[in-house]
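What follows is a single structure, written as structure tokens, with notes after it.
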Protein chains: 2
Amino acid sequence: MGLLRALRRFRVADRDMRRRMSEGMDMNATDVDALRYVIAHERAREAVTPRALAAYLGISTASTTKLLDRLGRSGHLRRDPHPRDRRSVVVVATDRAHAEVRERLARMHRRMLEVAEAVPEASRPDVARFLDAMADCLSAEDTLGDLGPPDASTEPIG
Amino acid sequence: MGLLRALRRFRVADRDMRRRMSEGMDMNATDVDALRYVIAHERAREAVTPRALAAYLGISTASTTKLLDRLGRSGHLRRDPHPRDRRSVVVVATDRAHAEVRERLARMHRRMLEVAEAVPEASRPDVARFLDAMADCLSAEDTLGDLGPPDASTEPIG
DNA sequence: CAATGTTTCTAGCCTAGCTAGTGAAATTGA
DNA sequence: TCAATTTCACTAGCTAGGCTAGAAACATTG
């Protein structure tokens, strides 16, 4: 079944991309993920609090405080006062962060759009349904992850 | 474009699944990944060395030594002497590890197969091509990762 | 067979997580 | 209204899982 093979390949590519990205931007994977999260929400005009960020990243708020310190020091994120809750804070990406991410993303994102548009109209619902159903499989309660035969991306000793 | 939305959803589901899996098996994500790798290769009758494992996981061989110690202590992996290279080692999953993983995976894997088989014959090549092309996008040299609008899985402060 | 390369492991360090607990502000309820 | 509770971000201190450097055993090559 080539579909599962293709899915596995995509997952590995995604993992490797995150790795390169983290390497290339000289920050750890969580920090990059956080940066992407903040920027995406900023583009959608939605404020991000440390708590929301922690929930998304799956780390504690204490760790998020440290994360914000790091990304503050590196000049990517800033803490602004929350407009309505004086205990809280709004996390904002700096212009530099926006520019840096835009620069790195633009090309890939454009390519992805092209690829999506190249899928024949008639097949699109099936593609979307397939991915949604796969997501459902992974979301089911008691799962551990799929295995399947290894891809040819390894170097067994033979 | 719903395809990219579906793809994002799949990625998040995959991430969360790994998180639950790591939580549920009471080991860190890298160790689970390693276990899956070893078991998958074992099923394909391919030996796994610490070095190959390190390469796959993207960590140093020194860290892999520690990883093997951990998974040895927990009774999931074993070091066997390498048949032809006396410097080296073959990493083997214990029966218990096989059973544990099989138990956790069986249902999900079965579901995934069903989902794949439910995709209409006519659309399958398009689905596979889409995923392959997306993987290529992510593999391109200078990429950072896609952004796109955030999904509704967040709780912005409004 | 000497020289070089490869493989795993050890020793010691550093970072990014964690829990527990704090002070300040918001919310709830009597 | 105001006391009690909850929620928020943060601090302090710990731990685990990465890293580099270097060593010993073995393989490979000229």
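These values consider heavy atoms only, across backbone and side chains, with no hydrogens, waters or symmetry-generated copies. Residue numbers start from 1 in every chain, and the chains themselves are labelled A, B, ... in the order their sequence lines are given, proteins ahead of strands.
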*Kindly point out which of dA9(D), dC26(D), dC19(D) is positioned nearest to the side chain of Arg51(A)?*
dA9(D)

*side-chain N/O Thr65(B) vs dC9(C) OP1/OP2, d < 4.0 Å*: yes

_Side-chain N or O of Arg19(B) versus OP1/OP2 of dG17(C): is the shortest distance under 4.0 Å?_
no

*Does Arg79(A) make a side-chain N or O approach to OP1 or OP2 of dA9(D) shorter than 4.0 Å?*
no

*Between dA16(C), dT8(C), dG18(D), which one does the side chain of Asn28(A) approach most closely?*
dA16(C)

_I want to confirm an ordering. Mapping Arg87(A) and Ala62(A) to their closest nucleotides on DNA chain C, which one lands closer to the 5' end?_
Ala62(A)

*Nearest-nucleotide wise, let me know which of Thr30(A) and Arg86(A) is further upstream toward the 5' end of DNA chain C.*
Thr30(A)

*Between Leu67(B) and Ile59(B), which heavy-atom pair has the shortest distance, and what is it?*
CD1-CD1, 4.2 Å

*asked:* Strictly below 4.0 Å: does Ser60(A) bring a side-chain N or O up to OP1 or OP2 of dC18(C)?
replied: yes

*Do the charged groups of Glu100(A) and Arg96(A) touch, with an N to O distance under 4.0 Å?*
yes

*Separation of atom NZ in Lys66(A) from atom P in dT15(C), rounded to whole Å*: 11 Å

*asked:* Side chain of Thr49(B), heavy atoms from C-beta onward: which of dT8(C), dG17(D), dA9(D) has the nearest atom to it?
replied: dT8(C)

_Over 60° means perpendicular and under 30° means parallel, so tell me whether Tyr56(B) and Tyr37(B) are parallel, tilted or perpendicular._
parallel

